[in-house]
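Below is one structure, written out as structure tokens; the observations come after it.
In this text, all values refer to a predicted model and were calculated from it rather than measured experimentally. Convention: sequence-line order gives letters A, B, ...; per-chain numbering from 1.
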Amino acid sequence: MGSLFRSAEMTLCQLFLQSEAAYACVSELGELGLVQFRDLNPDVNVFQRKFVNEVRRCDEMERKLRYLEKEIKKDGIPMLDTGENPEAPQPREMIDLEATFEKLENELREVNQNAEALKKNFLELTELKQILRKTQVFFDEHEGGTNPTESMTRALISEDAIARQSGPVQLGFSEKHYDPEEYYPCFVAGVILRERIPAFERMLWRACRGNVFLRQAEIETPLEDPSTGDQVYKSVFIIFFQGDQLKTRVKKICEGFRATLYPCPEAPADRREMAMGVMTRIEDLNTVLGQTQDHRHRVLVAAAKNIKNWFVKVRKIKAIYHTLNLFNLDVTQKCLIAECWVPVLDLENIQLALRRGTERSGSSVPPILNRMDTPEDPPTYNHTNKFTSGFQVLYDAYGIASYREMNPTPYTIITFPFLFAVMFGDLGHGSLMTVFAAWMVLKEKPLQAQKSDNEIWNIFFGGRYIILLMGLFSMYTGLIYNDAFGKSLNIFGSSWRVSNYNYNYTQSVTDIMLDPASEDYIGYPYPLGMDPVWQLSKNKIIFQNSFKMKISIILGVTHMLFGVAISFFNHTYFKNRLSIICEFIPQVIFLVALFFYMVILMFIKWTKYYATLTDTPLGPRCAPSVLISFINMVLVKDTPYEAVCETPYMYAGQGGIQMFLLLCAFVCIPWILLAKPIMIMRSRKETSQYSVTHNQLNSATENGDAEQPIHNNTSQPPAAAHGGDGHDEEPMGEIFIHQGIHTIEYVLGSVSHTASYLRLWALSLAHSQLSEVLWSMVLNKGLTVDGWTGGVALYIIFTIWASLTVSILVLMEGLSAFLHTLRLHWVEFCTKFYSGNGYAFQPFSFELILDSASQSKEE
Amino acid sequence: MACCGPKLSLCGLIISAWGIVQLALMGVFYYIEAVALAEDLPEVHSYETLDDFYSQMTRGYQQNAYNCWIAALLYLITMAISAHQFWLNNRSSLSV
């Protein structure tokens with residue numbers, strides 16, 4: 001029962017595991033996820049631990065799996081995610097897994113290498129094909145010899161050069177290696193990256209002093225670079241020149257620009273023959289390439305079926321060995337000793353898990369779980385479910401609760417959406433929010449399985465229950481405010497009648513004010529919330545402001561009093577009587593005497609005065625302003641009043657009671673400030689005197705162990721670590737300073753926090769005004785179009801209005817209202833009782849480890 | 001034939017579902033001549049007598065009621081198109 005309002009009771013345990021059974025036991029505990037292990041060898045280097053070899057092997061396996069996964073993703077093969085959760089495999093299975101991964105990786109690497117070589121081959125052949133095709137054009141032009149340059153080239157190519165070229169022509173790329181020196185070619189042909197062409201041309205021109213002639217043509221289709229897989233654009237070029245010297249120079253330049261040179265026969269017939277050969281080789285290569293791809297695909301598809309499973313297994317093994325590394329070896333090396341935090345309520349489950357682990361490993365010696373005493377603060381562990389976890393996160397973000405401190409989450413489930421809805425009160429916007437959240441809640445399972453890595457979506461999805469409640473509460477407050485997209489709904493019939501307006505009156509008056517003193521009001525109110533007629537009246541804002549401001553203060557003071565009340569339960573739980581007397585009681589008196597009294601004044605004002613009783617002491621002119629009365633009460637000043645009212649007060653004896661309350665409040669300040677430190681000082685003096693005498697006594701009966709109290713750690717809350725008694729080591733001066741700060745914070749805080757709750761009114765006003773403006777500035781334009789075209793205009797303008805409503809009013813205003821609510825809880829509510837000095841319980845759990853692993857992978 | 005992407009068609013679906021519900025309801029409210037909507041009527045320019053004014057207002061209410069229902073019908077069509085597109089997108093993404 002206590003688990004809902006406080007964090008779970010924890011205990012430190014010592015665990016003795018037989019070395020053979022350790023692995024299986026830890027694996028079972030990981031599945032259970034309720035144990036937080038402590039590092040028992042913090043001064044040992046990571047590389048000197050016992051199971052470092054196994055961890056390294058797991059890392060290696062993980063690397064191989066990642067490589068496989070990358071290849072699978074590259075091919076776009078869907079990975080089967082069955083969502084099944086295989087158990088951590090036995091240590092001996094690790095070797096099998098390693099062998100499988102090794103084989104797969106090697107196979108894949110080989111296939112990839114082959115594919116790369118083949119692709120390189122393919123690229124060369126395609127380039128050669130392109131050269132043959134393009135140079136054909138050059139040579140054709142050259143045969144035509146129409147322009148002067150061409151004829152010059154022709155002149156440059158001597159007859160005997162052609163004759164010498166009649167050597168045997170080989171086909172294919174291997175030919176590239178043969179030495180063209182012996183043929184004395186007067187041109188070279190090759191392929192170069194397109195962006196290098198201009199530099200290449202300039203370089204050739206300069207280095208050869210204009211004695212070479214370059215022709216180039218672009219290859220239209222991009223070619224695939226086999227090493228990087230990029231698509232690159234290349235150009236074919238052909239260079240004509242004369243002489244050996246020029247040739248070496250040209251070749252060097254080509255090399256420098258990483259151009260690939262290919263042999264190109266001079267004679268057209270040879271070229272044609274060569275082209276044919278190249279074509280057949282390309283076709284052959286294509287079939288081989290296709291087969292290689294098929295093989296690779298088959299290997300990857302087979303791997304994709306299991307890869308998620310393998311990942312889970314490897315990660316589990318790794319986590320187990322990491323945990324085992326935290327353990328201590330005992331002297332005999334026969335067993336491992338672990339220390340862990342466990343929730344007391346779950347000890348049974350842990351024992352069961354350990355027994356299962358022992359059975360699985362076939363060991364005969366059961367593991368021993370020993371509770372230990374410790375002065376340390378245990379971690380804070382709140383049992384949550386999918387509904388409460390969202391709310392718990394709100395407080396964990398502020399600060400993890402101290403161990404066994406009151407957990408405000410259960411109350412927040414109601415107060416948070418309620419305060420939000422006070423600021424976001426609109427039936428229409430609330431229902432939009434509700435529909436969205438309800439969809440997320442209903443489709444919970446499939447949406448959860450999708451595991452999106454969109455951060456914003458994950459925030460919304462994580463808070464789906466908060467959003468659902470916020471939406472429902474906003475619908476309720478919207479009904480009370482009678483606001484739906486800025487319009488009112490007249491469900492029960494208004495309580496106002498407009499009967500005595502004649503024609504001339506309506507002509508002259510543009511805005512109508514509602515006056516409850518007139519006969520327009522029929523005497524009894526609208527049954528639910530605001531009367532719809534306020535929407536059309538001019539004094540709507542004046543009326544609503546005063547109403548909403550009062551409501552905000554009433555809610556705020558109640559909320560703060562509630563926070564102070566929770567601190568009472570903290571003090572009683574930690575048996576801190578001093579804090580109850582010296583902090584809790586004066587705090588309550590201070591808050592009640594000043595601010596709760598103001599709330600009472602509001603109710604008196606609401607119930608006592610009537611608009612119809614003009615010129616009597618209960619008339620509207622005599623209702624005193626609550627704020628001014630309050631200020632004058634604190635400043636001890638008289639409130640001015642009119643003669644009709646007879647008195648500035650609301651009830652008899654108000655002046656005296658106010659004086660008394662003020663005195664009470666002021667007495668509380670020194671009470672909070674001084675009482676506690678003085679009490680501590682006194683008790684310290686006493687104990688020091690006592691201990692002197694006690695020590696003398698003790699020395700006499702030194703061996704009397706029976707007198708020592710037996711510590712039963714679990715049944716007794718660790719009061720010593722918290723509250724007033726925990727100041728043992730603190731010097732007196734510091735206690736005084738802390739108490740001073742605490743007092744100032746509380747006294748000034750009560751004033752500023754009460755004022756801070758006015759944000760409830762301010763945001764609510766802003767929201768209703770914004771929605772009204774949006775309606776009249778946008779949707780109104782569509783509604784006032786005359787005639788049948790109005791339908792189409794409305795169709796278009798409604799879309800604009802709807803998107804603005806969602807983006808500005810629901811999303812932005814919702815976010816701002818959410819943040820203000822969060823602030824009200826963190827600052828105004830939490831400071832009254834929450835210390836938040838704890839640290840979170842981080843159990844060793846496979847679920848968490850796998851989740852975080854898959855998260856980090858996607859980033 | 002899919003001419004809208006998955007996001008656009010989803011957006012169309014949501015807006016048209018909202019539009020149908022709200023505009024149909026607003027049509028009903030105009031039809032019963034809700035006072036809250038009196039400001040959202042085509043302006044009455046000139047009138048001789050009070051009865052004339054009332055009849056013009058009533059005509060405005062009727063007109064706006066029909067306009068709202070027309071817009072709701074248009075949204076019904078939008079919804080049908082978006083739903084078809086959404087279905088097409090879903091099917092094509094599944095088949096790949």
Start with the C-alpha gap between Val35(B) and Leu536(A), add the side-chain angles, then the distance that decides, and say whether side-chain contact (heavy atoms from CB on, under 4.5 Å) holds.
-> CA-CA 9 Å; Val35(B) 189; Leu536(A) 298 167; 3.5 Å; yes

Taking donor and acceptor roles from the modelled atom types, list the N and O pairs under 3.5 Å across chain A and chain B.
unit_1, atom_1, unit_2, atom_2, d
Lys487(A), NZ, Ala36(B), O, 3.4
Lys487(A), NZ, Asp40(B), OD2, 3.2
Gln507(A), NE2, Tyr47(B), OH, 2.9
Trp775(A), NE1, Asp40(B), OD1, 3.4
Trp775(A), NE1, Asp40(B), OD2, 2.9
Asn780(A), ND2, Glu39(B), O, 3.4
Asn780(A), ND2, Asp40(B), OD1, 2.4
Leu783(A), O, Asn64(B), ND2, 3.0
Gly787(A), O, Gln63(B), NE2, 3.4
Gly787(A), O, Asn67(B), ND2, 3.1
Tyr795(A), O, Tyr75(B), OH, 2.6
Tyr795(A), OH, Thr78(B), OG1, 2.6
Thr799(A), N, Tyr75(B), OH, 3.2
Thr799(A), OG1, Tyr75(B), OH, 2.5

Exercise: identify the closest heavy-atom pair between Ile15(B) and Ala802(A) = CD1-CB, 4.3 Å

Report the residues that fulfil salt bridge (charged side-chain N to carboxylate O under 4.0 Å, His left out) with Lys74(A), sequence neighbours left out, ordered by chain and then residue number.
-> Glu71(A)

Part of Leu73(B) within contact of chain A (heavy atom distance under 4.5 Å) = neither

Can you find a pair of side-chain heavy atoms, one from Val785(A) and one from Pro42(B), that are under 4.5 Å apart?
-> no

Met812(A): what forms a side chain to side chain contact (heavy atoms under 4.5 Å, CB included) with it, not counting sequence neighbours?
-> none

Using side-chain hydrogen bond (donor to acceptor under 3.5 Å, both in side chains) as the criterion, list what pairs up with Asp515(A), not counting sequence neighbours.
-> none

Interchain contact, Leu74(B) with chain A, by part (heavy-atom threshold 4.5 Å) = both

Ile541(A) atom CD1, neighbour heavy-atom count above 12 within 6.0 Å | no

Are any of the side-chain heavy atoms of Leu783(A) and Leu41(B) separated by less than 4.5 Å?
-> no

In terms of heavy-atom contacts, does CD1 of Ile459(A) have more than 12 from other residues, nucleotides or ligands at under 6.0 Å?
-> yes

How about Tyr476(A): does its OH atom have over 12 heavy atoms from other parts shown lying under 6.0 Å from it?
-> no

